[in-house]
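Residue indices begin at 1 and follow the sequence shown. Quick caveat, the model's predicted, so the values are computed rather than measured.
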Amino acid sequence: MHYLDEGPRDAPVVLMVHGNPTWSFYYRNLVLALRDSHRCIVPDHIGCGLSDKPALEKYDYRLASRMADLDRLMQHLQLSRPVTLVVHDWGGMIAMAWAVQHPQMIEKLVIMNTAAFPMPKLKHGEKHLPAALSLARNSSLGAWLVLQCNAFAGAAAYLGFKKTVSGAVRRAYKGPYDSPANRIATLRFVQDIPLSENDPGFDILLNTAEHLPKFSHLPCLLAWGERDFVFDQPFLNTWLKLFPQAETIRLSDCGHYVLEDGGPQLVERIRQFIAIREDANHGQTLE
């Protein structure tokens, strides 16, 4: 597992956990904003970024393994103080599942376009997986497109943004996934989405959701790109029910890669939130 470890070793720790198909590159600007005053730990999940990309027979690419990887990293670092946890996409599920096992290690939360609970309930039923994700998760055609054509990382490098980004940034997001052998994680993350009790990891999902309220007293910032076609308003509503005290930044012009679309202004808002004292006021909604 590759990870960034930037900043003074005795400074407050910020643990940033990415999703699929991003990698530690997603957090680069936040690291640059924090590393003078905070120790920034940013892992690349196995199969992603600069981490090893083992074949399926050597690593199962399941949620339980992701949690174990994060736990081994934290044990390796031997941190002596609680951390600010920053999560996005699959990083929310992985990191919050780990956090419910180690609640004493969490001091603050920054949550961006993610979930750590089952599909939200709607007025007329339950949300369904978007068609593009369902194709990749449930069909051999979708799997072929992801592995052979880099369909997941390639599409995300365009659909994930709602604002203009450079070609270099798009290439950086696709760069680690430059061959079918290096795209296993991008496929397995989608295939591992736990939707029902028959899916591996669904028990972990339910347990995590049940224990999320134990963090409701902590300072929490919700930064949400409202043009995300996956993690949309019902997901944000669920987080707000869980953490009604959270500071909330609703970004009506930002998509799934909210930290990119939000730009320097969002990075600065997150930096300020992480830097403020725990006894500061919370519950304010920022537009």
Check: Y177 main-chain N/O paired with N150 side-chain donor or acceptor under 3.5 Å: yes
Whether F25 and W23 hold their rings parallel, tilted or perpendicular, with breakpoints at 30° and 60°: parallel
Side chain to side chain contact (heavy atoms under 4.5 Å, CB included) between F215 and K108, intermediate numbers included: CA-CA 9 Å; F215 302 107; K108 293 182 181 181; over 6 Å; no
Student check: side-chain heavy atoms of Q191 and L187 closer than 4.5 Å: yes
Trace of the side chain to side chain contact (heavy atoms under 4.5 Å, CB included) decision for L259 with H88: CA-CA 9 Å; L259 200 54; H88 177 251; over 6 Å; no
Co-membership, hydrophobic cluster, residues V190 and F202, 4.5 Å side-chain: yes
Heavy-atom pair of closest approach, residues V14 and I274: CG2-CG2, 4.0 Å
R183 side chain vs Q148 backbone, donor-acceptor pair below 3.5 Å: yes
Distance-only side-chain donor-acceptor flag, T186 / N20, under 3.5 Å: no
Q265 atom CD, neighbour heavy-atom count above 12 within 6.0 Å: no
Candidates T114, L240, L109 - the one meeting side chain to side chain contact (heavy atoms under 4.5 Å, CB included) with L222: L240
Of Y27, F231, F161, the residue whose pairing with Y257 passes ring-ring contact (aromatic ring centres under 6.0 Å, His included): F161
Approximate separation, where rounding is to 0.5 Å, of L251 CG and D253 CG: 6.5 Å
Side-chain (D52) to main-chain (P54) donor-acceptor, under 3.5 angstrom: no
NZ/NE/NH1/NH2 to OD/OE distance under 4.0 Å, R28 and E6: no
Member of F189, Y26, Y61 meeting the ring-ring contact (aromatic ring centres under 6.0 Å, His included) criterion with W90: F189
Spacing of R62 atom CZ and M67 atom CE [to the nearest 0.5 Å]: 14.5 Å
Shortest non-hydrogen contact between S51 and G47, atoms and distance: CB-N, 4.3 Å
Trace of the side chain to side chain contact (heavy atoms under 4.5 Å, CB included) decision for Q233 with W224: CA-CA 9 Å; Q233 188 66 42; W224 210 264; 5.8 Å; no
Cluster check W144, F152: I/L/V/M/F/W/Y, side chain < 4.5 angstrom: no
pair P219-F273: side-chain heavy atoms closer than 4.5 Å: yes
Same apolar cluster (I L V M F W Y, side chains within < 4.5 Å links), L147/L145: no
Side-chain (S139) to main-chain (L135) donor-acceptor, under 3.5 angstrom: yes
Flag, side chain of R9 to backbone of G7, donor-acceptor distance under 3.5 Å: yes
S216 side chain vs P213 backbone, donor-acceptor pair below 3.5 Å: yes
Cationic N near anionic O, under 4.0 Å, D60 to R188: no
Side chain proximity check, I184 to K53, heavy atoms < 4.5 angstrom: no
Nearest heavy atoms of P12 and S37, plus distance in Å: CD-O, 3.6 Å
K214 atom NZ: more than 12 heavy-atom contacts under 6.0 Å: yes
Side chain to side chain, M119 and F235, heavy atoms closer than 4.5 Å: yes
Euclidean distance, L15 CG relative to L77 CG, rounded to 0.5 Å: 8.5 Å
L70 to A95 - nearest heavy-atom pair and separation: CD2-CA, 3.9 Å
Derivation and outcome, ring pair (Phe, Tyr, Trp, His ring centres under 6.0 Å), residues H18 and H45: CA-CA 8 Å; H18 73 82; H45 300 303; 4.2 Å; yes
Test: R81 and D10 ion pair at under 4.0 Å: no
Least distance between heavy atoms, G154 atom then K174 atom: CA-CD, 3.7 Å
Cationic N near anionic O, under 4.0 Å, K163 to D261: no
Lys/Arg-Asp/Glu bridge criterion (N-O < 4.0 Å) met for R39, D5: yes
H211 side chain vs N207 backbone, donor-acceptor pair below 3.5 Å: yes
Stepwise salt bridge (Lys or Arg N to Asp or Glu O under 4.0 Å) check, R137 with D199: CA-CA 12 Å; R137 182 184 187 271; D199 296 326; 2.9 Å; yes
ILVMFWY network linking F229 to L195, side-chain heavy atoms under 4.5 angstrom: yes
Nearest heavy atoms of R66 and I46, plus distance in Å: NH1-O, 2.6 Å
K121 atom NZ, neighbour heavy-atom count above 12 within 6.0 Å: no
Donor-acceptor under 3.5 Å (N113 side chain, H256 main chain): no
Heavy-atom side-chain contact between L85 and M96 under 4.5 Å: yes
Residues L236, R250; criterion side chain to side chain contact (heavy atoms under 4.5 Å, CB included); working and verdict: CA-CA 9 Å; L236 175 58; R250 303 172 187 266; 3.4 Å; yes
Interatomic spacing from CG in N29 to CD in E268 - rounded to 0.5 Å: 12.5 Å
Minimum side-chain heavy-atom gap C254-E226 below 4.5 Å: no
Check: L221 and I249 side chains under 4.5 Å, non-hydrogen atoms: yes
Spatial distance of atom OG (S65) from atom CD1 (I94) [nearest 0.5 Å]: 10.5 Å
Non-hydrogen side-chain atoms of T208 and F117 separated by less than 4.5 Å: no
Value rounded to 0.5 Å, distance of CD in E210 from CG in L205: 11.5 Å
Common cluster, W98/L79, ILVMFWY with side-chain heavy-atom separation under 4.5 Å: yes
Any donor-acceptor N/O pair, D44 side chain to L50 backbone, under 3.5 Å: yes
